[in-house]
Number of protein chains: 4
Amino acid sequence: MRAMARKPLTKPRKHASQDRSRATVDALIEATARILVREGFDKASTNRIAEAAGVSVGSLYQYFPSKESLVVAVIARHQEELMQIARDALAEVASLPIPKAVRRLVAVAIEAHRVDPKLHRVLAEQLPRTGRLENIDVFNREFYTLFKRYLDAHRDELRNLDLDMAAYVCVTSIEALTHNAVLHRSEMLSEEVAGRLVDEATHLIVKYLQ
Amino acid sequence: MRAMARKPLTKPRKHASQDRSRATVDALIEATARILVREGFDKASTNRIAEAAGVSVGSLYQYFPSKESLVVAVIARHQEELMQIARDALAEVASLPIPKAVRRLVAVAIEAHRVDPKLHRVLAEQLPRTGRLENIDVFNREFYTLFKRYLDAHRDELRNLDLDMAAYVCVTSIEALTHNAVLHRSEMLSEEVAGRLVDEATHLIVKYLQ
Amino acid sequence: MRAMARKPLTKPRKHASQDRSRATVDALIEATARILVREGFDKASTNRIAEAAGVSVGSLYQYFPSKESLVVAVIARHQEELMQIARDALAEVASLPIPKAVRRLVAVAIEAHRVDPKLHRVLAEQLPRTGRLENIDVFNREFYTLFKRYLDAHRDELRNLDLDMAAYVCVTSIEALTHNAVLHRSEMLSEEVAGRLVDEATHLIVKYLQ
Amino acid sequence: MRAMARKPLTKPRKHASQDRSRATVDALIEATARILVREGFDKASTNRIAEAAGVSVGSLYQYFPSKESLVVAVIARHQEELMQIARDALAEVASLPIPKAVRRLVAVAIEAHRVDPKLHRVLAEQLPRTGRLENIDVFNREFYTLFKRYLDAHRDELRNLDLDMAAYVCVTSIEALTHNAVLHRSEMLSEEVAGRLVDEATHLIVKYLQ
DNA sequence: GATGAATGAGGATTCATTCAT
DNA sequence: TATGAATGAATCCTCATTCAT
């Protein structure tokens, strides 16, 4: 009982401290993302990031052992957002037939790229430098796994094919078509062209699978 | 006659000088590529590059106004190689029917990525940082234009579609499938899997176009 | 009371930090002046200055954004010293009649040039290069303004003349005569010759004004 | 006879060669002056100067052993021009009474500063850096000697004074008043103000001497 | 824990000068 | 003698990281 009585006393404190830590960490990740987007990788010095986050460089190094680890955290946060979208989308289309499902997935992929396209671009560009290429793969591979699961569940709608290969082809193509459209072909983002892009990408994948 | 006899006397000199310049420039580009591949962008300091090229930093700056310009030269050289492969391939398949042509193009794309995959990878990663994203587009767009021309010439084999969009979809997909396979999925490069990748990619594109 | 008792706890820290900063800044300015004097402008590299100041280059750039700004700080410090002498002198002679006042000002001008003649010389030589020519003018112009004010107050002792022009003529002449004597004619600094120089300069100015 | 017969044959050649040398030297000095004026000391690299002179760096070093020697040559040429003006002026006023003579000398000093004020300014600023401060003194001292000679010749018009000291006072003051007016007080160069400056400077010197 | 002053290796670039052709 | 490619020491400055307070 005593112990339990104490908890309310200490927990808040720890919470406060934990919350503060959490807040600092968040502020740092947020500041990093902001600077990366607004000023580019080369301007993103640790001192600048700390300043933008409203903490000292010392504190930055309290929470992140290196600059790289900070960038990795930004990447992780961004990818987690994307993965959540992907998971939701896959869950949503789980029982839809392939044409409908693919169309929805393509649309979602474009939407996802639009969440924070500038950050996405910077990360796509700077990510290699962190030696975390694998990271991006972690992302791709999870999506790829989920998509393969979907295909497996809809095997009867498919022609006879190797699911691994098929998932690779589909995921890679969809990613490339939407990524390039958003990042390098902004003209493709007009309502109308984007619609046609969805049509065509869907067509590409559906014809391929069936 | 005399005057002509003299020429050999002077010409070699100029040649010698020009050759020396040319050799220095080549050595620098070559050294840059080598270091980029072997040690990564961050280790590629101008002094290191000059040393690796067997010339002085001063000479480096005689021929290249900045470090970036050197990297750009490496990119340009690499892309010119790729473009040559692409041009040749398109010329070669010009009169082939779509299935054969696409299969050949996919195979060539893989080959092209294999010319110097490590360099390709580093450049793909660093290119954004040089502010020469347009460059890669220059490349992609030339290929895209050539491919559209091919499609136009084979319009009767196609379903009714917008050539611009079709070229975008095909070029982007082929590039992504081969690029990722070569750079991120080395397991796909076994003779057998590579063959299946060609099959699948070809299937993807052909079904899409027809 | 408690809160007040705490202050001593925090204040020293801040003070310590502020003092350290201040000490670093002073050491840098001092080191710059010293090197400028002993080794000349061209030897005054930022690394050398930092070393001489007993701090790292990094610290130098923490407090001065560029080499030039350091030199400017040295100039400013020196000029402030001179201006203080000038202000004091003018205040001191404010109520003296022109002959006594001018004699005193000339003597003070020589004294001022003797405060740190080597530094004065290097700065006079290098100042133009810093793009701070205006600075020296700021100095001259403040003195010129103060002197004009003196003349104005003693208008009744003067012949009829344009105060602006008169101040220009007097200030420029006194400055040149003392500056050149101290910097280029060290032989003029023997007790006796210096005395005659004061006589003559005073004569020049007094006859001119009356 | 033979030998003499040959001379006409060789001499022209030598002449040609000497003329060419002379022309190259002149072109280099001229180019240096031009770059110094237009782009400043820091932009005046030897390569740049050689290029501007239309010769190779190698040739530059054929005629000038160092960059400094080139700058010194520019200074020498400029000072010789000024000295010529000074000599002419002194000769011209030799028999004039002091007031007329001084007035003329002041006017000539202003004119002299206007010959190439920008060059004069750059040289005045950069000269110290060449370690040729003595040079400027060579100039001043020649003028000072000539002026002293004038004073000596007009001793009967003077009050009793030390000619060395008097020459120092006069030459220094005139130089400073005209130099500053031309270089730092361009507003003083309006026809009218310049006239008053001449009046005042003359007044200053004449009252001092008599 | 937080702070921010201090560190110093390292990097891009310049330029006076040399020397092979 | 002219050329201009080559040299490389030297310079200014940045930034990830540490540590005394």
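Atom set for the values below is all heavy atoms of this structure, side chains included, hydrogens, waters and symmetry mates excluded. Proteins get letters first, then strands, A, B, ... in listed order; numbering begins at 1 in each.
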Out of dT7(E), dT13(E), dA6(F), minimum distance to the side chain of Val55(C) belongs to dT7(E)
Lys67(D) has its side chain closest, among dG1(E), dT7(E), dT17(E), to dT17(E)
In Watson-Crick or G-U wobble terms, with both distances under 3.5 Å, the base opposite dA9(E) is dT14(F)
Ranking dC12(F), dT17(E), dT17(F) by distance to the side chain of Thr46(D), first place goes to dT17(E)
Per atom distances to the Tyr61(D) side chain, the nearest of dT14(E), dT7(F), dA16(E) is dA16(E)
**OP:** Indicate, with a heavy-atom threshold strictly under 4.0 Å, whether Ser45(A) touches base, sugar-phosphate, or nothing.
**Re:** sugar-phosphate
With the side chain defined as heavy atoms from C-beta on, Val57(A) is closest, among dA6(F), dG1(E), dG4(E), to dG4(E)
Among dA5(F), dA2(F), dT7(E), the one nearest any side-chain atom of Gln62(B) is dA5(F)
In whole angstroms, the gap separating P of dA2(E) from CZ of Phe64(A) amounts to 13 Å
Closest to the 5' end of DNA chain E, once Ala44(B) and Ser59(B) are matched to their nearest nucleotides, is Ala44(B)
With the side chain defined as heavy atoms from C-beta on, Tyr63(C) is closest, among dA6(E), dT17(F), dT7(F), to dA6(E)
In whole angstroms, the gap separating P of dC15(E) from CG of Leu60(D) amounts to 15 Å
Legend entry - Side-chain ion pair, Arg34(B) and Glu39(B), N-O less than 4.0 Å: no
